[in-house]
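Worksheet: the structure to be examined is printed underneath.
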Amino acid sequence: MAGKAQVPVQNLTPEQHEKRRIRSIALAVALAALAGIFYVVTIVKLGPGVMDRPL
């Protein structure tokens, strides 16, 4: 297959696999927390009357 780069397969040890899984979960939790913070800050800045505005 000319032109296609071969990516070597890396076999992970069980410890490396578990660390990668924990890191992925931590990243997902951090991203969800950041999205939640942005949502709350936006609602607070807009105020409680944001739903009472005419369309």
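Count residues from 1 along the sequence.
- For the atom pair CG of Leu12 and CZ of Arg21, the computed distance is 14.0 Å after rounding to the nearest 0.5 Å.
- Taken from CD in Glu15 to CD in Glu18, the straight-line distance is 10.0 Å, to the nearest 0.5 Å.
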Would Leu27 and Arg23 count as a side chain to side chain contact (heavy atoms under 4.5 Å, CB included) if you check the C-alpha gap in whole Å, the side-chain angles of each, and the deciding distance to 0.1 Å?
-> CA-CA 6 Å; Leu27 186 59; Arg23 191 178 317 125; 5.8 Å; no

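- Every residue meeting the side-chain contact (heavy atoms from CB on, under 4.5 Å) condition with Val40, not counting sequence neighbours, appears here in chain and number order: Val44.
- To the nearest 0.5 Å, the span separating NE2 on His17 from CD1 on Ile22 amounts to 10.5 Å.
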